[in-house]
Amino acid sequence: QVQLVESGGGVVQAGGSLRLSCAASRLTFSGYAMGWFRHAPGKEREFVAAISRSGGSDTYADSVKGRFTISRYNAKNTVYLQMNSLKPEDTAVYYCAAVRGLGLPVNHYEYDYWGQGTQVTVSS
């Protein structure tokens, strides 16, 4: 069974940085696009970023563009989310997800597999 495990969450002050990791197992990692979503209390789950199978293309939500960077290291079956200039509104549980195909889906229902999430808290 496919497993995605996030790590790297924590508590930081506004303006700080965190790097999230998502390690995948039991799947052909290079055959999947990878995405990050987040879910904050009282808000809908929202798309954050996605990266293509090879890492050659990516896309971001407007709310994080210019601050967050998604990357992947296929040899380690790992996708990363570098988060800079963090804001209190970035506080959420962050989830990684995997999807087969050539596109960069931004809808949660298009993804095939999900991790259990890691908490990110940004204080002011």
Side-chain angles (χ1 to χ4, degrees):
Q1 52 195 354
V2 172
Q3 185 176 42
L4 305 176
V5 180
E6 302 94 337
S7 62
V11 181
V12 298
Q13 291 186 315
S17 298
L18 282 175
R19 184 180 178 88
L20 306 183
S21 299
C22 175
S25 61
R26 305 182 196 180
L27 84 170
T28 304
F29 186 70
S30 61
Y32 290 77
M34 300 294 297
W36 287 95
F37 291 76
R38 64 187 182 187
H39 194 185
K43 297 182 179 180
E44 300 293 327
R45 175 169 46 178
E46 68 172 338
F47 170 78
V48 176
I51 189 166
S52 63
R53 298 180 302 176
S54 67
S57 60
D58 52 29
T59 188
Y60 299 88
D62 288 342
S63 59
V64 307
K65 193 171 185 178
R67 300 188 297 120
F68 291 11
T69 303
I70 189 170
S71 62
R72 66 192 296 163
Y73 190 179
N74 285 353
K76 292 185 175 182
N77 285 8
T78 303
V79 64
Y80 306 93
L81 185 68
Q82 178 67 46
M83 305 185 294
N84 299 325
S85 301
L86 283 162
K87 305 174 181 179
E89 52 262 45
D90 294 318
T91 295
V93 177
Y94 283 71
Y95 300 88
C96 69
V99 58
R100 305 181 196 90
L102 298 174
L104 292 172
V106 301
N107 300 301
H108 64 87
Y109 54 81
E110 296 182 275
Y111 283 79
D112 298 314
Y113 304 107
W114 292 82
Q116 291 188 305
T118 185
Q119 177 71 48
V120 172
T121 302
V122 184
S123 64
S124 59

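Owing to the predicted nature of the structure, the values given are computational and were not obtained by experimental measurement. All heavy atoms count here, side chains included; hydrogens, waters and symmetry mates do not.
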Taking the side chain as every heavy atom from C-beta outward, state whether Y95 and L4 have any atom pair closer than 4.5 Å. no
Just jot down the side chain to side chain contact (heavy atoms under 4.5 Å, CB included) partners of S57, sequence neighbours excluded, or say none. S52, L104
Sole residue of V11, T91, L20 in side-chain contact (heavy atoms from CB on, under 4.5 Å) with V120: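 Among V11, T91, L20, the one that satisfies the side-chain contact (heavy atoms from CB on, under 4.5 Å) with V120 is L20.
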Are any non-hydrogen side-chain atoms of S71 and R19 less than 4.5 angstrom apart?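 Yes. Closest side-chain heavy atoms under 4.5 Å.
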Compare every heavy atom of V79 with every heavy atom of M34, then report the nearest pair and how far apart it is.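 Where M34 meets V79 most closely, the heavy atoms are CE-CG1, 3.9 Å.
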Using 0.5 Å steps for rounding, measure from the CG atom of N77 to the CG atom of L27. 6.5 Å
Side-chain heavy-atom pair Y113, R100 within 4.5 angstrom cut-off: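 A side-chain contact exists here, since the closest heavy-atom pair is under 4.5 Å.
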Test: R72 cationic atom under 6.0 Å from F29 six-membered ring centre, within 45° of axis: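 Positive - R72 is close enough to the ring of F29 and near enough to its axis.
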Measure the spacing between SG of C96 and CD1 of I51 and express it to the nearest 0.5 Å. 13.0 Å
Applying side chain to side chain donor-acceptor pair (under 3.5 Å) as the test, list every pair that has at least one member in residues 115-124; sequence neighbours left out. Q119-T121
Gap separating the CZ atom of R45 from the OH atom of Y109, nearest 0.5 angstrom: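 Going from the CZ atom of R45 to the OH atom of Y109 covers 11.5 Å.
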What's the spacing between D90 CG and F68 CZ if we round to 0.5 Å? 4.0 Å
Which atom pair, heavy atoms only, marks the closest approach of S17 to Q82? CB-NE2, 4.0 Å
Considering non-hydrogen atoms only, spot the tightest contact between A33 and G103 and give its length. CB-O, 3.7 Å
Evaluate the side-chain proximity of S63 to E46: yes if any heavy-atom separation is below 4.5 Å, no if none is.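 Counting from C-beta outward, E46 and S63 do come under 4.5 Å.
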Gap separating the CZ atom of F47 from the CH2 atom of W36, nearest 0.5 angstrom: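 It comes to 12.5 Å.
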Honestly curious: do W114 and V93 fall in one hydrophobic cluster under the side-chain, below-4.5 Å linking rule?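 Shared cluster, yes.
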How long is the gap from NE2 on H108 to CD on E44, to the nearest 0.5 Å?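 Between H108 NE2 and E44 CD, I get 8.0 Å after rounding to 0.5 Å.
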Consider only side-chain heavy atoms of I, L, V, M, F, W and Y, link residues closer than 4.5 Å, and tell whether V12 and L81 are in one cluster.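 Yes: a chain of side-chain contacts under 4.5 Å links V12 to L81.
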Between Y60 and I70, the two heavy atoms sitting closest are OH-N, 2.9 Å
Heavy-atom donor-acceptor pair, Y111 side chain to P105 backbone, under 3.5 Å: yes
Does the side chain of V64 come within less than 4.5 Å of R38's, by heavy atoms? yes
